[in-house]
Amino acid sequence: MNPAVEKLVKYLRLEESRGHDDGAVLGGLAKMLDPWRSEAREAGVPEALLQVVVSRLQDYGRLTSTSRAETLKGLWKRLEEAYPELRPALGAAPAAPAAPEPEMRPAAAAPAPPELPPAAVELVESFDATIDDHEDEEDERLEMAGAGQEADAVRPPAARPATPASVDSPLTAVPGIGPKSASTLKKLGLETLGDLLWHLPRRYDDYTQLKTINRLWYGEDVTIIATVEELHTRSVRNGRLKLVEAIVGDGTGQLRVTWFNQVWIANRLKPGRPLVLSGRIEQYLGRLTMTNPEWEPLERQQLHTNRIVPVYPLTAGVTAKWLRRVIHSVVTQLVPRIQDPLPQEIQRSAAVIPLGVALNQVHFPDSWDQLKAAQSRLAFDEMLYLQLGVQRQKLQWVSQEGQPMPVADDWIERFKAALPFALTADQERALTQVRADLANPRPMNRLLQGDVGSGKTVIAAAAAGMAAANAHQTAILAPTSILAEQHLLSLRQLLPQAAGVPAESIRLLIGATPAGEKEEIRAGLQDGSLRVVIGTHALLEDPVVFQRLGLAVIDEQHRFGVAQRAALRAKGQSPNLLVMTATPIPRSLALTVFGDLDLSLIEQMPPNRLQVQTQVMRPVERPRAHQFIRSQLERGRQAFIIYPLVEESEKVEAKAAVDEFERLQQEVFPNFRLGLLHGRLRPDEKESVMARFRAGEYDVLVSTSVVEVGIDVPNATVILIEGANRFGLSQLHQFRGRVRRGEQQPYCLLIPDSEHEADNERLKAMENTDNGFELAEMDLEQRGPGDFLGTRQSGFAELRAARLTDLRLIELARRQAEQLFEADPLLAAPKHAGLAAAVDRFWGGGKGDIS
Ligand code: ADP
Ligand code: MG
C-alpha cells in the first residue's frame with residue numbers, strides 16, 4: 001500500500017482508539033498535515049484525495065467529539081474508495097468506536113465539581129476502571145520482583161474499594177495494587193494516592209518525534225509505528241543473556257529491534273499486531289537498530305511511547321511501565337476531583353495554571369511548554385506554603401508577651417566608650433537593631449550573621465549587658481567548651497567596665513565543671529545573683545533554673561538542633577533569642593529556611609585585618625606546602641593541618657588520622673611539636689589538645705574536620721587543608737577564618753585529593769574572593785542547600801518541585817504570601833479554607849517548629 005496513506009491510516013486509527021481527543025499527534029492532528037502533504041505528494045497520492053484529507057482535518061481540533069467522529073467516518077469512506085485494500089483492515093477499527101473507557105478521557109477536561117467542600121478531594125465514585133491490562137505486566141513484574149507479587153497481579157479488577165478513594169486513601173484503593181505492591185511502593189515513600197500524585201518524574205524522554213523507518217537517523221530519539229514481521233528468542237554468553245529479536249516493518253522499511261533479558265516480551269509481541277516503539281536509534285554492524293525500546297500496542301492510549309514520556313524514580317520490584325500506568329490511572333481518576341486550593345485571584349496575579357492541569361501535565365505532558373507551566377505551578381505552591389508557614393511561625397513568635405529590656409542612649413555611649421576598639425559600621429547597625437528588638441515587648445528572634453572574626457561577640461556582650469541593666473539574666477550556649485571558655489574570657493573583659501556587670505556574676509557551666517561548683521552556679525542562677533551563664537550542652541542537661549532569663553544567645557546556631565533551642569527558650573518566659581552564625585546564608589535561604597528570623601549582617605571586618613592569602617596547590621606540590629609551613633614555624637608561628645572526614649566510620653577515620661599524624665611528625669616535621677585532634681578522642685582529651693595548642697605547646701595542630709577548631713590562636717598564621725575539594729567553599733572560608741585573628745599575614749593552602757579539573761576550578765574561587773557571601777552563593781549553586789540547612793533541613797529538604805535556589809520564585813511566592821497574610825493572617829476566610837488545609841498538610845509531619 002501507499003506508505004503515506006498507511007501512515008495516515010495509523011494516525012486515524014490511533015485517534016479513534018483515543019476516543020477522538022485530538023491526541024494522536026502531539027499538538028493535534030492538524031499538525032501533521034503539512035509534512036504529510038509533501039510526503040503524500042511524493043508517494044503519488046492523488047491530488048484530489050490530498051485536498052480532501054487536508055480540508056477535513058485542518059479544523060479537526062476545533063470540532064466537538066461527535067463531529068470529529070463524523071469527520072473521520074467520512075474520511076475513511078474516501079480512503080476506502082481510493083484504496084480498496086484498506087477495507088478488511090478497517091474491520092478492526094470500526095468507524096464508530098464504542099464509547100471510550102472512562103480512563104481514556106483526558107482528565108484535565110473534566111471540570112471539578114464546584115459544590116465540593118474546600119480541600120475535598122474525595123472521589124465521588126470509586127475507581128471504575130482498573131489499571132488497564134495489568135495482567136499484561138504480570139510476567140514483567142515477576143521477572144523484576146520474583147514471585148512475590150503474583151497475588152496482587154491476579155486480584156480481580158472487579159474488587160472495588162468499599163469507600164470512595166481520596167488523596168489520603170491507601171494505595172490499595174487502586175485496582176491492581178494489592179498489599180504486596182503497596183509495601184514495595186512504600187520503599188519509595190509512597191503510602192497514599194496523594195503521594196503517588198506528587199511522585200514527580202525525575203526526567204522525561206522525548207519520544208514525540210514520530211517517523212517512518214526510511215527516515216530514521218542514527219542517534220535520534222524517535223517513535224515509530226510498525227508491525228512485527230519476524231520474531232525469535234535466543235541465548236548468548238552460555239545462556240546467561242537472553243535476547244528477544246524482532247524485525248519490525250512499517251511499509252517504508254524494516255528495523256531490527258532487540259530486547260535483553262525480557263523474554264516475556266516475546267509472548268506479547270504478536271506478529272501482525274501494530275506496535276508503537278520509542279527509543280534511541282543505534283547502529284549494529286552498519287545497520288540501524290533499536291535496543292530495549294519502550295513499546296506498547298497501537299490500540300492502547302500511549303503512555304510509554306509517542307509522547308513526552310515521564311521517567312519516575314523506581315525501586316526494586318517496580319517497573320517503569322507499571323508505575324506509569326498506576327500513576328496514570330490515579331491522575332485520571334483523582335485529579336478532576338481535586339479542589340484547587342489557590343484562590344482564583346492568586347492564580348491570576350501569580351500567573352500560574354490550575355492545579356488539575358498542572359498535575360496532569362507534569363505526569364503526562366502534551367508539550368514542553370505545558371510541562372514547564374505545570375512544574376512552575378507546583379513549585380509555586382510549595383514555595384507559597386513554605387512562606388505562609390514561615391510567616392505564621394514568625395507571627396506566633398512575635399505575638400507572645402516578651403520582656404522589654406530598654407536602655408537609654410547614655411548607656412550605649414558608656415558601653416561603646418569602654419570598648420578597646422571602635423565598632424565597625426556593620427557592628428553599629430547590628431547593635432542598633434538588637435537594642436530596638438530588646439526594647440520592644442515582643443521577643444527578639446534575630447540571626448546575627450558574620451564571618452569568623454567579624455566581631456559578633458561584642459554584640460552578644462552588649463545584649464547581655466542590656467539584659468543585666470534590666471535585671472534579667474542571660475544564657476549563652478556554645479558548641480564546645482573551648483568556645484564557651486573563650487566567651488567567658490571576652491565577657492569578663494568587656495562587661496564589668498562597659499555595662500557594670502561584675503566579673504564574678506558571669507560564670508561558666510560545662511561538663512568539666514566540678515559538681516560542687518555546678519551546685520553553686522545553679523543556686524546563683526536560681527536566686528538571681530548570677531547575671532550571665534555561658535555553657536555547652538551541659539547547660540541544657542543540668543536541671544538549671546533561672547530566676548529571670550531574659551536573653552538566650554546561641555553561638556554557631558547550626559550546631560544545635562530544634563530541640564536544644566526549644567529547651568533553652570523554655571528556661572525563661574519567651575526570652576529574647578539571638579542566634580549567631582559564621583556561615584553566610586544566601587539570600588534565597590534567608591528568605592525561606594531562615595525566613596522566620598530577623599537578620600543582622602556584619603559584612604565588613606574590623607580594620608587592619610589582613611586578607612588570608614590563599615593558594616590552591618596540586619597534590620604533587622605538597623612538599624612545597626610543607627616547606628612553606630616549616631618556614632612559618634621557624635619564625636615562631638603556628639599552623640593548622642586539616643584532613644577531611646573521608647571514611648564513614650569514625651574508627652577508620654581516626655586510624656587514618658593517627659597514621660598520617662605519625663608520618664607528619666616523623667618524616668615531615670621531625671623538629672617540631674605536633675598535636676592531634678580527631679573525632680574519637682574523649683571531649684576532655686580534645687579540650688586538652690586545643691588548650692595546649694593555644695598555649696603554644698604544639699607548633700602544629702593536625703585535625704580532622706569533625707573537630708571544631710573555632711579557637712582564638714592569634715599566633716597561628718597558616719592553615720593547610722587537605723582534600724579541599726571535599727568541602728564547600730563556605731566551609732573552607734570558615735576554616736581559613738581561623739588564621740585571621742592576629743597581626744601577622746595569614747596564609748591558607750588548599751590541596752585537593754583529585755586532579756579533577758572542575759573540582760579544582762571551583763576551588764580557585766577561594767583565591768579570588770574573600771567575600772563569604774559570594775562563596776556561599778557559589779556553594780548553593782554548585783552543591784545545593786544541604787551545606788546550609790544544618791538542623792533546619794527537616795521540611796526543606798523535602799521540596800519536590802521547588803528549588804531553594806530559585807530566587808525569582810521565592811520572591812514571587814513571598815509577595816503573594818505577604819499580601820495574603822496582610823488580608824487574612826490566620827487564613828480564616830472561607831475562600832482560604834482550602835489553602836489553610838494545604839499549608840497544614842505541607843507543614844505536617846514534623847516540619848512544624850523551625851526556629
Ligand atoms: P566572631 O564574629 O568570629 O565571633 P569575635 O567576636 O570573636 O569574632 O571577634 C574577633 C576578634 O576581633 C576579637 O579579638 C575581637 O576583640 C576583635 N574585634 C571585634 N570587633 C572589633 C572592632 N570593631 N575593631 C577591632 N577589633 C575588633
Ligand atoms: Mg565567635
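Predicted model, so just to flag it, every value in this text is computed and none were measured. Counting convention: from 1, in listed order, for ligands and their atoms alike.
- In terms of heavy atoms, Leu509 sits closest to Ile521 at CD1-CG2, 3.9 Å.
- At least one heavy atom of Gly453 sits closer than 4.0 Å to an atom of ligand 1.
- Closest non-hydrogen pair, Leu448 versus Ala430, comes out as CD1-CB, 4.0 Å.
- Not a single donor-acceptor pair under 3.5 Å links the side chain of Arg738 to the backbone N or O of Val718.
- Set against the non-hydrogen atoms of Ala422, the atoms of ligand 1 under 4.0 Å away are 22 (C), 23 (N), 24 (N).
- Remark: Ser454 OG to Glu603 CD distance equals 10.0 Å, nearest 0.5 Å.
- Remark: distances from the non-hydrogen atoms of Gly737 to ligand 1 are all 4.0 Å or more.
- Using a 4.0 Å heavy-atom cutoff, Asp555 is absent from the residues neighbouring ligand 1.
- For ligand 1 and Val452, the ligand atoms under 4.0 Å from any heavy atom of the residue are 3 (O).
- Aromatic pair Phe669/His626: centroids less than 6.0 angstrom apart.
- The contact set between ligand 1 and Thr424, taken as ligand atoms under 4.0 Å from a residue heavy atom, comprises 23 (N).
- For ligand 1, the atoms lying closer than 4.0 Å to a non-hydrogen atom of Pro606 are 20 (N), 21 (C), 22 (C), 24 (N), 25 (C), 26 (N), 27 (C).
- When non-hydrogen atoms are compared, ligand 1 lies under 4.0 Å from neither the backbone nor the side chain of Met580.
- Heavy-atom minimum distance, Asp555 versus Ala478: CB-CA, 4.4 Å.
- Other residues, nucleotides and ligands contribute more than 12 heavy atoms inside 6.0 Å of the CD atom of Gln433.
- Look at Gly450 and you'll find every heavy atom at least 4.0 Å from all atoms of ligand 1.
- Of the candidates Arg609, Gln449, Gln486, Arg609 brings a heavy atom nearest to atom 17 (C) of ligand 1.
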